[in-house]
2 protein chains.
Amino acid sequence: MDSVDQKWSTAEREIMEATYRAMLEHGYPGLSISRIAEQFDKSKASIYYHYDSKDELLVSFLDFVVDQFKTNFAEEIDEDPSSALNTVIERLVPLQMNDEEFQGRIVLIELRSQATRNEAFREKFTEINELLVTSICEIIERGIEDGTFRDVEAARVAEHIVATVNGSTIDRVTTNREVAPAAVRLSLSSYIDSELKSCQ
Amino acid sequence: MDSVDQKWSTAEREIMEATYRAMLEHGYPGLSISRIAEQFDKSKASIYYHYDSKDELLVSFLDFVVDQFKTNFAEEIDEDPSSALNTVIERLVPLQMNDEEFQGRIVLIELRSQATRNEAFREKFTEINELLVTSICEIIERGIEDGTFRDVEAARVAEHIVATVNGSTIDRVTTNREVAPAAVRLSLSSYIDSELKSCQ
DNA sequence: GTCTATAATCTGATAGAC
DNA sequence: GTCTATCAGATTATAGAC
């Protein structure tokens, strides 16, 4: 498991990146082999040399996108529990989002909606949410041990934070409610204050 | 605006219900006029008598589904603020969900993911989230007035609850994490306690 | 590995009879 | 209003040359 560079050959990575662009342009329902081929300099048929079917390609693509997400999320956060939690939340619900980040969210949401029907997809998103909950849970537990946080049920609080973060992301990507993310950021800080820190 | 019965003719409602079944069976990307026609006793061509294009049909369908959601959500909740809030949360994140409710969530999520790309869809989901936030906000404001709740920023707390509820729903529909919804229910109660009720 | 050409099927949409 | 028949184009996937 030597990061992204070993897992895919050059050709495969080119196809994955073309798929990413095609999906941004046409959406998941509009994704076709022709449209993927349009996004790079090789023909439709060459895709079938690397992938047996469209379904297999899509499962690989989900893998590719989720790996990117994980790599992005797992960057070092070795600080004290309180600011580690802030870093994670800032990473998941940034106050400002550039185009690239925003497009990444869109692609993930469109793929996610397919997890309702496709077991391979479902397992991947189970994995993502479990990763998020586990990471946040560990930070909270560290904070409880060193006295930064109150002795709360860490898993429950982590579930809450992940649900809120995911709900906020969905809101940002599927509505025109531009103030909502900032409000959620504020209320998450407030939640952490009143739930994790002692009653002042 | 005389409820669902006036807004759609019998034929139109039959088509909408057939579309609903087709979408449950094939998903949004697999939705086609033929598959909708398969779900009721009339031909493909008859659909084009009632709708000019597939796009127009889909926008109507979104309207149909969102109306159902709103009707379901807006049932009377005339109690005191504290239990009104509980009722709303129980309605949005039920501990137990029957097949019908679950399928309704799936359809809504699949349609929602299309709001990333389609402005008509985006406006509908803006409307839904605004309705939820406004309803919850009003309950909180009533609670502040009559002394049940602390004098918090009602809009911010409402945004938080809606984000959490939506995140929990997405989790339930797109992962195999069966314990998560119960955890979020608990933590939402805890959030309401520590955020809205006085510091004990 | 990549190409062009093509097969078989499905798509949205329309024409015209009843 | 609903039907059958049909169109033009797109879809996934393969065959066979290079």
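Within every chain, numbering begins at 1; the chains are lettered A, B, ... in the order of the sequence lines, protein sequences first and strands thereafter.
Remark: B:S32 is not in phosphate contact with C:dC10, judged by side-chain N or O atoms under 4.0 Å from OP1 or OP2.
Evaluation of the side chain to side chain contact (heavy atoms under 4.5 Å, CB included) rule for A:R172 yields A:V93, A:P94, A:M97, A:F102, A:P181 as partners, not counting sequence neighbours. Evaluation of the ring pair (Phe, Tyr, Trp, His ring centres under 6.0 Å) rule for A:Y191 yields A:H160, B:H160, B:Y191 as partners, not counting sequence neighbours.
Salt-bridge annotation for B:E90 and B:R185: present, with a side-chain N of the basic residue lying under 4.0 Å from a carboxylate O of the acidic one. With respect to the salt-bridge test (charged N to carboxylate O, under 4.0 angstrom), the residues B:E127 and B:K124 qualify.
Between the NZ atom in B:K70 and the CG atom in B:L132 there is a gap of 10.5 Å [rounded to 0.5 Å]. Expressed to the nearest 0.5 Å, how far CD1 of A:I139 lies from OG1 of A:T134 amounts to 11.0 Å. To the nearest 0.5 Å, the span separating CD1 on B:I161 from CD1 on B:I192 amounts to 4.5 Å.
For residues 16-32 of chain A, the side-chain hydrogen bond (donor to acceptor under 3.5 Å, both in side chains) pairs, not counting sequence neighbours, are A:E25-A:Q39.
Within residues 41-57 of chain B, the residues that have a heavy atom under 4.0 Å from DNA chain D are, in order of number, B:D41, B:K42, B:S43, B:A45, B:S46, B:Y49, B:H50. Contacts with DNA chain D (heavy atom under 4.0 Å) in residues 24-31 of chain B: none are found.
Rounded to whole angstrom, the span from the CD atom of B:E38 across to the C1' atom of C:dG12 amounts to 15 Å.
Contact footprint of chain B on DNA chain D: nucleotides with an atom under 4.0 Å from a non-hydrogen protein atom, first to last in 5' to 3' order, D:dG1 to D:dT4.
Shown here for A:R122 and B:V173, the closest heavy-atom pair between the two residues is NH1-O, 2.9 Å. Considering all non-hydrogen atoms of both residues, B:S43 and B:S46 come closest at O-OG, 2.8 Å.
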